[in-house]
Colleague: 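Supplied in structure tokens, the structure appears directly below.
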Amino acid sequence: MILKLKPACKNYLWGGHRLVEEYGVDYDGEILAEAWELSCHPDGPSIIANGDYAGKTLREYLDAEGLEVLGTHCRRFREFPILAKFIDAKDNLSVQVHPSNAYALKNEGQYGKTEMWYVLDAEPGAFLYYGFKNEIDKEEFKKRIEENNLLEVLNAVPVKKGDVLFIESGTLHAIGKGILVAEIQQNSNVTYRIYDYGRIGADGKRRDLHIEKALAVTNRVPIVSSGENYPHVADCDYFTVDKINLDGRLTYRTQGNVGEESFLSILILDGEGTISNKGEKLFYKKGDSFFLPANSGDWQIEGTCDALITTIREKANPMRVGVNIGSSEIQLGIVNDQNKILAAKTYSTNPKRTAKEIIEETAENILKLLAEKNIPLEQCVGVGVGVPGTIDRRQGKVVYSNNLRWEDVSLVKQLGEVIPCPVRIANDADCAALGEAVAGAGKNFSDVVMFTLGNGVGGGIILHGEVFEGGIMGGSEVGHQVIRVNGRLCTCGRKGCLEAYISVPALLKSAAQVAGREMTLDEIFELAKAEDVAMTEVVEQYILMLGQGMVNIVNMFRPQLILLGGAMSVYAKNFIEPLNDILQDDCFGGQFAPIPKIAIAELGKEAGLIGAASL
């Protein structure tokens, strides 16, 4: 489906009327400074002009269709990633600067802004400001703002039609009068005004300056163009912009394909013709804007055309953060795209504190760890958190965690108020299973079940490479399947759960009852190895119960691999052969159906961090 968009219009005092006269923007005011052609920003969303969603905002369309229409490369963004606009500068714009993501989220509650300008037209002698002529220190910068002579040290750049400037966050800039621009930018409306020619706003007062914030974020070194965007018009982690030119004679047609990776934005700078996709054909003219969702397939443009094509590419050298919140300690790890932990930190949980206090400290430590390793916040594409208990992944909440004494905690929302990237959450056992599946003993399998054998019995089910959640919140609880009706009392309150028989406390209790004294795990398995009759029977019963729990899971999910992790994994090599026999004898289909391989988890505590980072 091709969405044709109607822009949100802005009547800033420096604007003209060319966007109405030359670009066909439907607007009846005297001044039209900017037309936000592709926007999900609450300050001015685009409106859909055709199809089933005609009259709806682009934001409403995304809410209805889901963020999948943005593509897999956009998963790292919390919001719609870009904003595309036309700008008509009849008069000089203020000298301004945009903050980075980290500064803007901390101080403004939204993303910072990196942008690019494509000059559509420029009057003779027109110029814009782009950084400084020479490096200046912070004191001189402040003094020149206060003494109103800042323009003397700015880099004035003459421009003509077709020129392109890339403005990273922190770059001082200003569009000069007589210039018409197409701008592609991050989805943000944060601007710090530094110099404004003494202009008076609509309220009759001089417009506010944002001097202290500008001093904090401005790069005071001259900008040197690297030419790294070639062959693109502009290319960065936030957007990739290419240009189409059809003269209608030698070149009359162009085509492409919209895959699952990214949506496609088409901004028509000039010309007229048709755009088609999957049998749908729309006419276009100068000033039009179109949106094709991810996975739209083949598209084609015919006619005369100058257009900017914007997509989102895969982030270069992405980093992720994995967090494992336990009742006694919290682990943090920075994980690269090869699932290697580059840096880690462990500190005490102190469960007597409130959830809010623990989450705030977690956010601070994430930022500190990134800073200590000189990893820019912009390189972090996501934070994943593993938490014990019942998790509502869709709502980003810890519904209930007995270990932490948390109830109805909006972890994703609270952590996301500080961390400027998507935050995901899952049960800690699911995270451990996912970690082993992507980087450990299960990395060559798509369907993996992990039993985490410790003080309790946790586990995770990975199907087709993803954590199995089921249709309702909570995920899988492999330790709370009943294997003996009216059996031992479990910590969950039911009787006969698998956990009541194969957790570490359960095994120690069984051994103590037989031996008449407290025993350690090492003693139990050493005596069983030495063929002590009592301990051999205790271990055999343990394996039998574990085997029955495995059979139940195999009959339901038919995994390719079962992993044994947790404290008991140290001894698990003694289990594998008898467990294989149990699966062979008791799984549905018997000798006629394949049984999964059994292996020992490899990653230890790293599994939870890598799995959380992979959410």
Colleague: Output a table of donor-acceptor pairs, distance under 3.5 Å, between side-chain atoms of residues 608-615 and any protein atom two or more places apart or on a different chain; print 'none' if there are none.
Modeller:
| residue | atom | partner | partner atom | Å |
| --- | --- | --- | --- | --- |
| Ser614 | OG | Arg320 | NH1 | 3.4 |
| Ser614 | OG | Ile610 | O | 2.8 |

Colleague: Got a sec: does the CG of Asn455 have more than 12 other heavy atoms crowding it under 6.0 Å?
Modeller: no

Colleague: Compute whether any side-chain donor of one residue and acceptor of the other, for Thr536 and Glu531, lie under 3.5 angstrom apart.
Modeller: no

Colleague: Which heavy atom of His73 sits nearest a heavy atom of Arg76, and at what distance?
Modeller: O-NH1, 3.0 Å

Colleague: So which heavy atom on Ser296 is nearest to which on Asn277, and how close?
Modeller: O-ND2, 2.9 Å

Colleague: Is the number of heavy atoms from other residues, nucleotides or ligands within 6.0 Å of CG (Asp522) greater than 12?
Modeller: yes

Colleague: Tell me whether Asn336 contacts the main-chain N or O of Met319 through its side chain, where contact means a donor paired with an acceptor under 3.5 Å.
Modeller: no

Colleague: Between Ser401 (side chain only) and Pro388 (backbone N and O only), is there a donor and an acceptor less than 3.5 Å apart?
Modeller: yes

Colleague: Any sub-3.5 Å donor-acceptor pair from Asp408's side-chain atoms to Val399's backbone N or O?
Modeller: no

Colleague: If you measure from the Lys or Arg side-chain nitrogens to the Asp or Glu carboxylate oxygens, is any gap between Glu360 and Lys356 under 4.0 Å?
Modeller: yes

Colleague: Hey, which of Ile553, Val554, Val448 is the one that makes side chain to side chain contact (heavy atoms under 4.5 Å, CB included) with Ile562?
Modeller: Val554

Colleague: Could you pull out the closest heavy-atom pair between Pro596 and Asn580, with the gap in Å?
Modeller: O-OD1, 4.3 Å

Colleague: About how many Å separate CD1 of Ile483 and CG of Asn552, when rounded to the nearest 0.5 Å?
Modeller: 8.0 Å

Colleague: Using modelled atom types only, decide if a donor and an acceptor are shared between the side chain of Glu280 and the backbone of Met1 within a distance under 3.5 Å.
Modeller: no

Colleague: Is the number of heavy atoms from other residues, nucleotides or ligands under 6.0 Å of Arg75 CZ greater than 12?
Modeller: no

Colleague: Would the Phe80 and Tyr61 ring centres measure less than 6.0 Å apart?
Modeller: no

Colleague: Would you name the heavy atoms of Ile366 and Leu332 that are closest together and state the gap between them?
Modeller: N-CD1, 3.8 Å

Colleague: For Arg59, check side-chain hydrogen bond (donor to acceptor under 3.5 Å, both in side chains) against everything at least two apart and list the hits.
Modeller: Asp63

Colleague: Might you confirm whether atom CD of Glu79 has over 12 heavy atoms from other residues, nucleotides or ligands at distances under 6.0 Å?
Modeller: no

Colleague: Backbone N or O of Tyr501 within a donor-acceptor pair of the Arg484 side chain at under 3.5 Å?
Modeller: no

Colleague: How many angstroms lie between CD1 in Ile582 and CD in Glu577, if you round to the nearest 0.5 Å?
Modeller: 11.5 Å

Colleague: Kindly give the heavy-atom pair with the smallest separation between Ile312 and Phe263, and that separation in Å.
Modeller: CG1-CE2, 3.7 Å

Colleague: Do any side-chain atoms of residues 433-443 form donor-acceptor pairs under 3.5 angstrom with protein atoms, and if so which ones, sequence neighbours left out?
Modeller:
| residue | atom | partner | partner atom | Å |
| --- | --- | --- | --- | --- |
| Glu436 | OE1 | Ala441 | N | 3.0 |
| Glu436 | OE1 | Glu602 | N | 3.2 |
| Glu436 | OE2 | Glu602 | N | 3.0 |
| Glu436 | OE2 | Leu603 | N | 2.8 |

Colleague: Inspect the contact between Arg313 and Asp237 and indicate whether a charged nitrogen and a carboxylate oxygen are less than 4.0 angstrom apart.
Modeller: yes

Colleague: Say whether Gln548 and Asp586, considering side chains only, have a donor N or O and an acceptor N or O under 3.5 Å apart.
Modeller: yes

Colleague: A quick test of your reading: do over 12 heavy atoms of other residues, nucleotides or ligands sit less than 6.0 Å from CD of Glu537?
Modeller: no

Colleague: Output the distance between atom NZ (Lys413) and atom CD1 (Ile359), rounded to the nearest 0.5 Å.
Modeller: 12.0 Å

Colleague: Determine whether more than 12 heavy atoms belonging to other residues, nucleotides or ligands lie under 6.0 Å from atom CD of Glu466.
Modeller: no

Colleague: Taking atom CG of Asp428 and atom CD1 of Ile391, what is their separation to the nearest 0.5 Å?
Modeller: 8.0 Å

Colleague: Hey, is Lys113 close enough to Glu108 for a salt bridge, meaning N to O under 4.0 Å?
Modeller: no

Colleague: Any chance the rings of Phe468 and Phe557 have centres within less than 6.0 Å?
Modeller: yes

Colleague: Looking only at non-hydrogen atoms, find the nearest pair between Asp430 and Gly459 and report the distance.
Modeller: OD1-O, 3.5 Å

Colleague: Are Arg353 and Glu361 within salt-bridge range, i.e. N to O under 4.0 Å?
Modeller: yes

Colleague: More than 12 foreign heavy atoms under 6.0 Å from NZ of Lys315: is that the case here?
Modeller: yes

Colleague: Quick check on Lys345: does its NZ atom have over 12 non-hydrogen neighbours (other residues, nucleotides or ligands) under 6.0 Å away?
Modeller: yes

